[in-house]
Q: 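Sharing a structure, written as structure tokens. Questions coming.
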Amino acid sequence: MIATDLQNGVERLGELIAQSSAIVPFTGAGISTESGIPDFRSPGGLWTRNRPIPFDEFVADQDARDEAWRRRFAMEETFAAAKPTRGHRALAALYKAGKVPGLITQNIDNLHQASGINPADVVELHGNTTYARCIGCGTRYELAWVKQRFDASGQAPSCLRCEQPVKTATISFGQAMPEDEMQRAAELSERCDLFLAIGSSLVVWPAAGFPLLAKRSGAKLVIINNEPTEQDEHADLVIRHDIGETLGPFVGN
Ligand SMILES: [Zn+2]
């Protein structure tokens, strides 16, 4: 059912949360826009103005790597200034209350960890842009190290151990989904009794399959998004309102 208004939605959501012991939130870009992080996929978003650099181009071409890092550094002020929103804080409150065994996110902004959720309990389907890794051996590098090398040489740096390219720890277009994270997300979806899809239009597969997997496994499904989604018809509750306003009442739980 679709909540008739915000108050009705918040009340119904409160009842479902009270009845549940294993809640799995699944978050998309919409939860972070309140913090100033743009939705890359939205009309007018970064990806409609700057064609994303596919993984194979990044691997093959130094110019592509240089461009990818220039774009990332240009975004650093935005990412560095972003703080967890009311939505992030509400989910962290449920987590601290012992109701959330783990959280699945399509976001790369590290804001769930910043809100107080143990990094080990955040399943990042698209990786994390707040640090970098060598694409060969997986060694972690901090962005400050990459920036220093880039500024000194004018080129994106390679790994000190194996000389393969160093890339933000995100999943790029054309890059395989991370197997371990996909497996953990599936397990969380199968074992929860309430699945909260928040701020995602649920069109990007395979990630969009998790709400349906949870529903098929017996969980209640709630969708909170400003716009209609592809899966509203399967949901037990749909709240088409601002995420901050919808989850704000749960921050103090
Ligand atoms: Zn390496």
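No experiment lies behind these values; they were computed from the predicted model shown. For ligands, and for the atoms within them, numbers begin at 1 and follow the listed sequence.
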Q: Would Lys220 and Glu15 pass as an ion pair if we require N to O under 4.0 Å?
A: no
Q: Under a 4.0 Å N-O cut-off, is there an ion pair linking Asp66 with Arg70?
A: no
Q: With a 4.0 Å cut-off, would you call Glu187 and Arg184 a salt bridge?
A: no
Q: Name all pairs fulfilling the salt bridge (Lys or Arg N to Asp or Glu O under 4.0 Å) condition that reach into residues 88-115, sequence neighbours left out, sorted by first residue then second.
A: none
Q: The criterion is salt bridge (charged side-chain N to carboxylate O under 4.0 Å, His left out); which residues satisfy it with Asp61, sequence neighbours excluded?
A: none
Q: For Lys83, which residues count as a salt bridge (charged side-chain N to carboxylate O under 4.0 Å, His left out) partner, sequence neighbours excluded?
A: none
Q: Within less than 2.8 Å of the Zn ion (ligand 1), how many protein N/O/S atoms are there?
A: 4
